[in-house]
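Shown next, in structure tokens, is the structure this report addresses.
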Amino acid sequence: MDIIKKISDYLQKGDDEKVFELTQQAIAQNIPPDEILNNGLIKGMDVIGDQFRNHEIFLPEVLLAARAMHAGMDQLNPLLSKAGIESKGKIIIGTVQGDLHDIGKRLVCIMLKGAGFEVIDLGTDVPAENFVEVAEKENAPVIGMSALLTTTMPAMKQVINMIKEKKLQNTIKTIVGGAPLSKQSAVEIGADAYGFDAANAVIRVKELIGVS
Amino acid sequence: MRPAVKFLSDELMNQIKEEAIHVLCTLGVEIQNSDVISILVDHGAHLQADTNRVQLTEIMIQQTLKTVPNSFKLYDSYGNKTHDFSGNKVHFTPGSSALGFLDYQSNKIRKPVTEDYIHYVKVTNQLQHVASQSTAFVCSDVHEKVSDSYRLFLSLLYGYKPVVTGAFSIESFQIMKDLQVAVRGTEENLLNKPLTIFSCCPTSPLKWSDVATQNLVDCATFGIPVEIVPMPMAGFIAPVTLVGTLIQHTAEIVSGIVISQIIRPGTPILYGGSPAVFDVRFETTPMGAIETIMIDCANNEIGKSFKIPTQAYVGLSDAKQLDAQAGLETGIGITLAALSGINNLSNAGMHDFENCISLEKLVLDNEICGMILRMLDGIEPKEDFPVLPHFEELLKEKHLLISQHTRHYLKEEQYMPGPVIDRMNLSRWIEEGSLTLSERAHKEVEKHLKNDPPTKLSKDIKKDLISLMEKEVKKAGQNKLPFTFEQ
């Protein structure tokens, strides 16, 4: 069997050790790194994504596949950078100021990384200016914000207003999530997208950036 | 004999407790409040270098567990005793705190406003089997900074039952205490006759945020009863096994007990929780899951073994509508929880996990609570021995509908739910309009809203409450209260 297909198959099985080994072999065989990435790792994750959406598999299987993906990515990343090939995109993510809850954010980070994004997690209780500064510095096209408390939702609006004041709204998009939010409240505060769970957040981020 | 259910053997329970204490003494608990860390260290705890993680000691745990009162009481706004948290006495309260409200007319979940809350209090006032209010949901027409205290204000202004509540910030505690003192007259009166219970929630796993810690400290300082409510999620931020989750749950509650009792020995505590399993299919925390209910019941057994009254968020439903799922999840949950002997059950009116309150569900749940309270009275002989006189009368009269025995014991023996729960025969049901459960529940809600008698709070107290809240709302940057209140 073609080694690239094997990488995809073992990724779908969540076998990170095997994916690591096969990725090493593929690199040693001088297969271009973007081919290993797109036809091996990402293809495998796409199958996982479809199965998850169809309720054929659940969160643990997705996380295992994501871990296998990272096992491959960790070896490919230096080669991809050298060849000038970038990740799908950088996402800045954090829980807004005044809020220490990070359960949902954690899940979203894992799912975004599994989908091939580079995630910079700012943690919890993140001041508004930090989101924007880091996004500018890293040229990140998306800021993701999480909150669990109704009292901390206004902090999201602060970030969005800051982006508008700096006239960056065309280059930095925002996605919000968390228990006190809804699609309607996300629109009210001016966010570009709302994710109702981690898997949905990945779909919305892909739409924001314009990747499949 | 009071019927009961038990999930843990004594041996397993002791293992869980010992392991939880071991976790607290070796791994410790993270506390994001430097004052409390200092106090704990002064009492012998060990702070791990360069962290906020504090390892407790077995001595301080055992000593503080001993000072928790084995029972305490709650009182309504008029000073009448309403709750006796002792033994296996069961009390019901509405669930909290929701962000959504199921609107009957549109059948959609929307953001609630002040008028919804007032309606909620008026309905709860008249629910015979729901002993307290809770600050059940957040009103969207006030500034977020006062969203916690505003609920309590409305509950005290329009209601009379004691209130299960909680603060969202450190600053809110002061106004929430002041509102209670306005009703009681003095801090000493409030201490002697508690009017509220505050929920203080550690963050799973094994963490106390600054806000939760300070709220706990403030409640203990002023003798306000606290329900310690961890929320471990089995399989995500707690072990997937129910035993593993119970160990974590026990550790999280005990860490809160240690803090509260060091601050003020004798602070009344409800050994509580809102645990759940984590459904990996939907990333949700089903309150109606049978495992969630089992964890609640077992947690209660552990609390009772420490001789502490207990609490749980149990008997809620994950359904988005008032449908069969809502009924079955609440029915199963409340039945098991009551048989277990949980002293304060937080559930009435709540569904969509802990996100939505429905007045129609509230009145249905009131009737379910009535059924459960009857069940807890058990089966007792009432002039049944010897039985022959009853049968002789039955054979003679052909029925016992108006016998002395029936007339004496009918209301005691049989709880008669309704009108939400329907027991008509089909023909009568059709003749009376073929009303669905939702329609019957809504009629009951409307009846309560029409019939709610005005509160007996004095005009002066009402004025004080309104004045306190007006000032607080202005501090938050809102010009005035969003409603004109009756005085």
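A quick note: this is a predicted structure, and the numbers were derived from the prediction, not measured. So that the names make sense, note that chain A is the first sequence line, chain B the second, and so on, each numbered from 1.
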Surrounding [atom1] of [X] (heavy atoms of other residues, nucleotides or ligands, distance under 6.0 Å), is the total greater than 12?
X         : atom1 : value
Lys43(A)  : NZ    : no
Gln169(A) : CD    : yes
Glu56(A)  : CD    : yes
Phe101(B) : CZ    : yes

Gap separating the [atom1] atom of [X] from the [atom2] atom of [Y], nearest 0.5 angstrom:
X         : Y         : atom1 : atom2 : answer
Glu283(B) : Leu107(A) : CD    : CG    : 5.0 Å
Asn355(B) : Ser182(A) : CG    : OG    : 11.5 Å
Ile57(A)  : Arg281(B) : CD1   : CZ    : 14.5 Å
Arg110(B) : Gln184(A) : CZ    : CD    : 11.5 Å

Quick one, Phe282(B) and His55(A) - any side-chain contact, counting heavy atoms below 4.5 Å? yes

With a 4.5 angstrom heavy-atom cut-off, is it the side chain or the backbone of Phe278(B) that approaches chain A, or both, or neither? side chain

Val280(B)/Glu61(A) under side-chain contact (heavy atoms from CB on, under 4.5 Å): CA gap, chis, key distance, verdict: CA-CA 10 Å; Val280(B) 298; Glu61(A) 287 91 347; 5.9 Å; no

